[in-house]
2 protein chains.
Amino acid sequence: MAKIPEKTIERLSKYRRAVLSYQAAGKHHIFSHQLASLLHITPVQVRRDLMLIGHTGTLRRGYEIKDLIDNISEIIDTDKGQRVAVIGLGNLGKAFISYLNGKRSKLTIVAAFDINFDKIERNFAGVPCYHIDNLNEIIKTENITIGIIAVPTEQATEVAEKLVFAGIKGILNYSPKSLNVPPSVFLEEYDMITSLEKVAYYSKLQ
Amino acid sequence: MAKIPEKTIERLSKYRRAVLSYQAAGKHHIFSHQLASLLHITPVQVRRDLMLIGHTGTLRRGYEIKDLIDNISEIIDTDKGQRVAVIGLGNLGKAFISYLNGKRSKLTIVAAFDINFDKIERNFAGVPCYHIDNLNEIIKTENITIGIIAVPTEQATEVAEKLVFAGIKGILNYSPKSLNVPPSVFLEEYDMITSLEKVAYYSKLQ
DNA sequence: CTAACACTGTTATTTTTTTCACACTGATAA
DNA sequence: TTATCAGTGTGAAAAAAATAACAGTGTTAG
Ligand SMILES: NC(=O)c1ccc[n+]([C@@H]2O[C@H](COP(=O)([O-])OP(=O)(O)OC[C@H]3O[C@@H](n4cnc5c(N)ncnc54)[C@H](O)[C@@H]3O)[C@@H](O)[C@H]2O)c1
Ligand SMILES: NC(=O)c1ccc[n+]([C@@H]2O[C@H](COP(=O)([O-])OP(=O)(O)OC[C@H]3O[C@@H](n4cnc5c(N)ncnc54)[C@H](O)[C@@H]3O)[C@@H](O)[C@H]2O)c1
C-alpha cells in the first residue's frame with residue numbers, strides 16, 4: 001500500500017472515534033457525507049481517505065461501521081498495542097489520564113511520574129505515580145514506548161532527555177518549551193496559545 | 001497586503017513566543033536559522049513567512065527582535081485586545097487559566113463558568129467563576145469575544161449554543177464532541193487522542 | 001581593492017493536499 | 001422495462017504549502 005499522507009492519518013483517528021460513537025448509538029452503516037459533517041470536511045475527502053486505506057463501502061448503505069473500524073485499526077494500531085507514560089501529574093497530566101482512561105484499548109497509560117511526594121506512590125484514576133528518578137527503570141520494565149510531557153517549562157528539556165535515554169519511541173510534548181530529540185524519536189508538540197491566537201485572529205476578521 | 005496563509009498565522013504565533021523568550025534572555029537579534037531550529041522548520045520557511053508580513057531583517061544581524069514582535073503583533077493582535085472566557089473549571093480549564101495568566105497581554109481570560117457550586121463565586125488564579133446560567137449576561141457586560149470549552153462531552157453542544165446565542169466570535173473546543181456553529185463564528189477544535197494516535201502510528205514505523 | 005563569506009529576499013519549482021468532475025452501480029419507482 | 005436517484009471510487013485539476021535555487025548585499029580578511 002502506498003504511503004498514507006500525514007493528514008490522512010490524523011483524520012483516520014478522528015473517523016474511528018466518530019464512528020465509534022455512531023456505533024454506540026446503534027448504527028451499523030454510515031455515509032461519507034455523514035462522516036464528513038461530523039468532521040467539518042467534505043464527503044470527497046472522506047472517500048479519498050478511505051480509498052487510500054483500501055476500505056470500500058456498499059452503494060446503498062455506505063460504509064459498514066464494524067469493517068471500517070477494523071480497517072482503520074489495522075493501519076493505525078499495533079497488534080499488541082502501545083504503553084504510554086505521563087510525566088507531570090498536574091492539572092494537565094490528570095486531565096489526560098482521566099480522559100484517556102477506558103477510551104482506547106490499544107493505547108494504555110500505565111504510569112505517571114512526578115517529583116512531588118504527595119503524588120508519588122499513589123494511584124490517579126488507576127494509574128500508579130512514580131518518582132521521576134525511577135523513569136528509566138520503569139520505562140524499560142513496563143515496556144513503555146510513548147511519553148506525554150506535562151511538566152513545567154523549565155523541566156521539559158531534562159525530562160525529554162531522560163525519556164530519550166530510556167529508549168522511548170515517541171513523545172507528545174505539552175510544555176511550551178520546544179524540544180530537540182534525535183530523529184529516531186517521533187516528536188509531536190501542541191500549544192494552546194497557538195490555537196487561541198489563531199481563533200483570535202480569525203475572529204477579528206469576521 | 002495579500003491574504004496570509006493559515007499555516008503562516010500559526011507559525012507567527014510561535015515565532016512571537018520564541019523570540020519573546022529569546023528577548024527575555026537578553027538577545028536583540030535573531031537569524032532565520034535560529035528561529036527555524038526553535039520551531040523545527042527550515043530557515044527558508046521562516047524567511048518566507050516574514051516576507052509575507054513585510055518584515056525585513058538586516059544582513060549581518062538577522063531580524064531585530066523588538067521590531068519582529070511589533071510586526072507580528074500588528075498582524076495577529078487587535079488594538080484593544082480580546083477578552084476570553086473558559087467554560088468548565090475542571091482539570092483542563094484550570095490548566096489553561098494558570099498557563100495563560102500573565103502570558104499575553106492582548107488575550108485575557110476574564111471569566112470562568114461552571115455548574116459546580118464549590119467553584120462558583122470564587123476566583124481561580126484571579127479569574128472569577130460564575131454559574132453557567134449567567135453566561136449570556138456576563139459575555140455581554142464583560143465584552144467577551146472568545147470562548148474556550150472544557151466541559152464534559154455531554155454538555156458541550158448546549159454550552160456552544162449558549163455561547164453562539166450570546167454573540168461570541170470564536171470558540172476553541174476541547175471537548176471530544178465536535179460542534180456545529182454558524183459560519184459567523186470561528187471554530188477551532190483540538191483533541192489529544194488524535195495527537196497521541198499520530199505519535200503511536202509514527203512511533204511504530206521507526 | 002578584491003574575494004570570500006554568511007546572511008536575507010524572492011522567484012521558480014516541487015510536493016502535498018484538497019477539490020472537481022464524472023463514470024459506475026444497484027435500488028426504486030413509474 | 002426504463003429512467004431516476006443517491007450513493008461510491010477515482011483520474012485529473014487546482015490550490016496550498018514547502019523547498020530549492022539563486023541574486024543581492026554588507027562585512028571581513030587578505
Ligand atoms: N500545551 C498546552 O496547551 C498547555 C496548556 C496548559 C499548560 N501547559 C503547560 O503544561 C505544563 C503543566 O501544566 P499544569 O497546569 O499541569 O501544571 P502543574 O503545576 O499543575 O503540574 C506540573 C506537575 O509537574 C510536576 N513536576 C515538576 N517538575 C517535574 C519533574 N522534573 N519531573 C516530573 N514531574 C515534575 C509537578 O510536581 C506538578 O505536579 C506547564 O508547563 C504549563 O505551562 C501547556
Ligand atoms: N481535547 C483534549 O485534548 C482533552 C483532553 C482532556 C480532556 N478533554 C475533555 O475535556 C473535558 C473536561 O475535562 P476535565 O478533565 O477538565 O474534566 P473535569 O470533570 O475535571 O471538568 C469539567 C468541569 O465542567 C463543569 N461542568 C459540567 N457541566 C457544565 C456545564 N453545563 N456548564 C459549565 N460547566 C460545567 C464541571 O463542574 C467540571 O468542573 C472533558 O469532556 C474531557 O473529556 C479533552
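Below, read A as the first sequence line, B as the second, and so on, with proteins coming before strands; counting in each chain starts at 1. We use all heavy atoms of the structure for the numbers below, so side chains are in, but hydrogens, waters and symmetry mates are not.
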Q. When A:D191 is tested against each of B:K103, B:R11, B:R17 for salt bridge (Lys or Arg N to Asp or Glu O under 4.0 Å), which residue passes?
A. B:R17

Q) Just by modelled atom types, is the B:L107 backbone N or O under 3.5 Å from a matching donor or acceptor in the B:Q82 side chain? A) no

Q: Using heavy atoms and a sub-4.0 Å distance, could you list which residues of residues 8-19 of chain B are near DNA chain D? By number, please.
A: B:R11

Q. So which nucleotide from C:dT10, D:dT8, C:dC7 ends up closest to the side chain of A:F31?
A. D:dT8

Q: For the pair B:Y174 and B:Y190, name the ring-plane relationship: parallel under 30°, tilted 30 to 60°, perpendicular over 60°.
A: perpendicular

Q | A:L187 CG to B:S203 OG distance, which is reported to the nearest 0.5 Å | A | 10.0 Å

Q: Could you grab the distance from atom CG of B:L172 to atom CZ of B:F186, nearest 0.5 Å is fine?
A: 9.5 Å

Q.
If you take the centroid of each ring, where Trp contributes its six-membered ring, are A:H29 and A:Y63 closer together than 6.0 Å?
A. no

Q: Grab the CE-C1' distance between A:M51 and D:dG7 for me, whole Å please.
A: 17 Å

Q | Spatial distance of atom CZ (A:R16) from atom CD1 (B:I193) [nearest 0.5 Å] | A | 9.5 Å

**Q.** Side-chain ion pair, B:K198 and A:E6, N-O less than 4.0 Å
**A.** yes

Q: Give the B/S/- string for nucleotides 19-30 of chain C, one per nucleotide from 5' to 3', where a protein heavy atom under 4.0 Å of the base yields B, of only the sugar-phosphate yields S, and otherwise -.
A: BB----BBS---

Q: Using whole Å, report how far CD of B:E64 lies from C1' of C:dC7.
A: 16 Å

Q: Among C:dG9, D:dT8, D:dT10, find the nucleotide with the atom closest to the side chain of B:T56.
A: C:dG9

Q: Could you tell me the separation between the NZ atom of A:K7 and the P atom of D:dA15, rounded to a whole number of Å?
A: 18 Å

